[in-house]
Each structure stands twice: as C-alpha cells, then as structure tokens.
Amino acid sequence: MNATRASASCPIRPGEPCTLCQLDVTGPPDCPLVYLVMGDDELRAGVHRTRLARPGTQRPRPGR
C-alpha cells in the first residue's frame, strides 16, 4: 500500500503542511477538525489572528 501525503497547507496550523492527522482524511477539504474550526466564528477568527501574527503565512488575495 502506497501512503500519500497531502501537499496542501493546514488551515488550523498556519504555515505548516497538512499532515493528515485525522483518520480517513485526504486533506483539509474533508478534515473534520477544519470543518469544526472554520464553522465556528470565534475559532476561525483565532486562526486568522494567528495567521496574521506569523510572517509569511498570509495567503495572497485574489486579484493582487
């Protein structure tokens, strides 16, 4: 069996790659932790503040 790793970055840990830390997950789009955090306004705002506080972890905005 060939294990593949996701090449996407983890939205919960800004600046780090997705490590497939949940069972049966192929990446951030089907990660239950990402779903829960991004569905909660306070938690999502905390992740956003963390992203802004770390240099080099801000995602480029479309059209810029």
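Residue indices begin at 1 and follow the sequence shown.
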**Message:** Using side-chain heavy atoms (C-beta onward) and a distance below 4.5 Å, is Met38 in contact with Leu43?
**Reply:** no
**Request:** Please round to the nearest 0.5 Å and tell me the distance separating atom CG of Leu20 and atom SG of Cys31.
**Result:** 9.0 Å
**Request:** For Arg44 and His48, indicate whether the former's side chain and the latter's backbone hold a donor-acceptor pair under 3.5 Å.
**Result:** no
**Asked** So how far is it from Ile12 CD1 to Thr50 OG1, rounded to the nearest 0.5 Å?
**Response** 10.0 Å
**Item:** Check: Pro11 and Pro28 side chains under 4.5 Å, non-hydrogen atoms
**Value:** yes
**Message:** Name the residue from Val37, Val34, Leu52 that meets the side chain to side chain contact (heavy atoms under 4.5 Å, CB included) definition with Val47.
**Reply:** Val37
